[in-house]
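Each remark here refers to the structure printed beneath this line.
Side chains included, hydrogens not; waters and symmetry mates left out as well; all remaining heavy atoms used. Chain letters run A, B, ... following the sequence lines, proteins first, then strands; residues in each count from 1.
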There are 2 protein chains.
Amino acid sequence: MSSVARLAEIGALIGDPTRCAMLVALMDGRALTASELARAAGVTPPTASSHLAQLTQADLLSVIRQGRHRYHQIASAEVARMLEGLMAVASRTAAPQRVVATGPRDQSMRDLRTCYDHLAGRHAVAIADGMAARGQIVLSPDGGRLTEAGEALLRTLSIDVPAEPGLLVRPCLDWSERRFHLGGGLGAALQQAFLTRGWIRRSEGSRAVSLSPDGRRALADLFDLEALRA
Amino acid sequence: MSSVARLAEIGALIGDPTRCAMLVALMDGRALTASELARAAGVTPPTASSHLAQLTQADLLSVIRQGRHRYHQIASAEVARMLEGLMAVASRTAAPQRVVATGPRDQSMRDLRTCYDHLAGRHAVAIADGMAARGQIVLSPDGGRLTEAGEALLRTLSIDVPAEPGLLVRPCLDWSERRFHLGGGLGAALQQAFLTRGWIRRSEGSRAVSLSPDGRRALADLFDLEALRA
DNA sequence: CAGATGCTTCGACCGAGGTCGAACCATCGA
DNA sequence: TCGATGGTTCGACCTCGGTCGAAGCATCTG
């Protein structure tokens, strides 16, 4: 298959609303079952099965079999990056969404949620802003850099500072905020550190992430987040 | 329209082989007419017109009217980045293409060509490798950084070194080489510098870029490209 | 072994959309 | 004003693929 044909194949896979809903649901980096994805996309199991087979066949998803369950997940960070690129264009030109029945879950999603392997949402944007304001990172649309001050911060969190500095900052356009948060190795390392410290906890069946009281205090102090002190 | 629906819309647009061929043809950053794009995609003018209207309507392309010509181009760097992300995934999993009738044009395309606003191909990969080997840049899949040595190189080329250093290196996976070359602000600045010096020249009706004798010598010296001395 | 549950395959239906020829509109040159 | 050329609109055709119910397969539990 030529590269153009393969490109069109991937586009066609993303071009169906049902498959799209599944991919978006999987963008939090977790593996979900066919039934969960069928519910998320609002179709019957046979339809979901057909779509998942196509996405897996095309190496956009990978499957882990565990007993009678089959867990589907985004196949690679490269695929996740591709989807982020698409979402950035989609969110920029999408008409402002009607806000319908904004429940507590929606609010917590907007506050903090996972984005494949890192954190997104209002607080994640604030963290990126705070680090940039204090000169711990330098951001641009094409990439970013970790500074000496940033390395110092990572050491206080016991995150290994890589030998090659400045290579792990990737800005990621935030759906809800339309501003940048931290992806790349830095974003992943921060999320990992917050999880192991029990500062954040993933919710069941949602990309939303909840803050523990400890986490709320710690993040407020570390990144000067006034919103978390309220 | 919801974000998911907009995402699916963009996917569907990319999902048609004809539109895909047009987008790929436009990825060199130049503006092409409807007729040229119809030829590139192998369809009749009415078909091309319909597709171009859709792509323009969705803000993936923009149109410049000049007399009875209408020049179509990629609407933004963001769209170009999105397409690069798709191509990275597409090229990684695409079956090795049958090499059919490799003409001189194909060879020069593989050597050096434009990739939206920067250079790609064998020599572009060699330039990125050379700069990395000599510590002028540091590369990773998520971003890169310009070093002191790299800034010195830019000064010898009379390229303005930005106030915030290290923000303009974006690795871009090369179709033909399957390795990284330089995108982002640095890639664009280098291409611009080479063009204004007359070292490279864009071909008519192709993404291929030709090297002048001067350019061949200059690039060979600047980046230690043995391939260019032969 | 038997029932329950998760998931897939099969077959039939149906709507969406890509394609082209013909005709039409817009702009340029003489 | 009158071709000539670039580009679009219209209408008819036809294929492709998404959808679901029914049935079948696989795996766990009792």
Worksheet entry | Those residues that, when tested against A/Arg39, pass side chain to side chain donor-acceptor pair (under 3.5 Å) (two or more places apart) | none

Item to complete: To the nearest Å, give me how far apart CG (A/Asp16) and P (D/dC20) are.
Response: 11 Å

Discussion item. Can you tell whether the side chains of B/Arg6 and B/Glu9 come within less than 4.0 Å, N to carboxylate O?
Written reply: yes

Fill in: Between C1' of D/dC16 and CD of A/Glu9, the distance in whole Å
15 Å

Could you write out each protein N or O paired with an N or O of nucleotides 2-8 of chain D at a distance under 3.5 Å?
from, atom 1, to, atom 2, distance (Å)
D/dT5, O2, B/Arg68, NH1, 3.3
D/dG7, OP1, B/Arg70, N, 3.3
D/dG7, OP2, B/Ser35, N, 3.1
D/dG7, OP2, B/Ser35, OG, 2.2
D/dT8, OP2, B/Ser49, OG, 2.8
D/dT8, O5', B/Ser49, OG, 3.1

Practice prompt. Determine yes or no for a side-chain-to-main-chain donor-acceptor pair under 3.5 angstrom, with A/Arg197 supplying the side chain and A/Leu157 the backbone.
Written response: yes

Fill in: B/Leu55 CG to C/dG17 P, straight-line distance once rounded to whole Å
14 Å

Fill in: Between OH on residue A/Tyr116 and CG on residue A/Leu26, distance to nearest 0.5 Å
10.5 Å

Discussion item. Main chain of A/Gln192, side chain of A/Thr196: is a donor-acceptor contact present, judged purely on distance under 3.5 Å?
Written reply: yes

Worksheet item: Of B/Ala53 and A/Gly42, whose nearest nucleotide on DNA chain D comes first from the 5' end?
Response: B/Ala53

Item to complete: First locate atom CZ of B/Arg30, then atom CG of B/Asp117, and finally report the distance between them rounded to the nearest 0.5 Å.
Response: 14.0 Å

Fill in: Protein-nucleotide distance (A/Leu13, atom CG; D/dC16, atom P), rounded to Å
17 Å

Worksheet item: Between A/Thr44 and A/Arg65, which is nearer to the 5' end of DNA chain D once each is assigned its nearest nucleotide?
Response: A/Thr44

Discussion item. Distance check needed: C/dC7 P versus A/His51 NE2, whole Å only.
Written reply: 16 Å

Worksheet entry | A/His118 side chain to A/Cys115 backbone, donor-acceptor under 3.5 Å | yes

Worksheet, complete the sentence: Bend of the helix from C/dC1-D/dG30 to C/dA30-D/dT1 from end-axis comparison, five pairs per end, nearest 10°, comes to 30°

Worksheet item: Taking OP1 and OP2 of C/dG18, is either one under 4.0 Å from a side-chain nitrogen or oxygen of B/Thr47?
Response: no

Worksheet item: If every non-hydrogen atom of A/Arg202 is compared with every non-hydrogen atom of A/Asp28, which pair is closest and at what distance?
Response: NH2-O, 3.2 Å

Worksheet item: With sugar-phosphate meaning primed atoms plus P, OP1 and OP2, does B/Gln66 contact a base, only sugar-phosphate, or nothing at under 4.0 Å between heavy atoms?
Response: nothing

Worksheet item: Do the side-chain N or O atoms of B/Gln54 get closer than 4.0 angstrom to the phosphate oxygens (OP1, OP2) of C/dG18?
Response: yes

Worksheet entry | Gap between atom CE of A/Met22 and atom CD1 of A/Ile14 - 0.5 Å precision | 14.5 Å

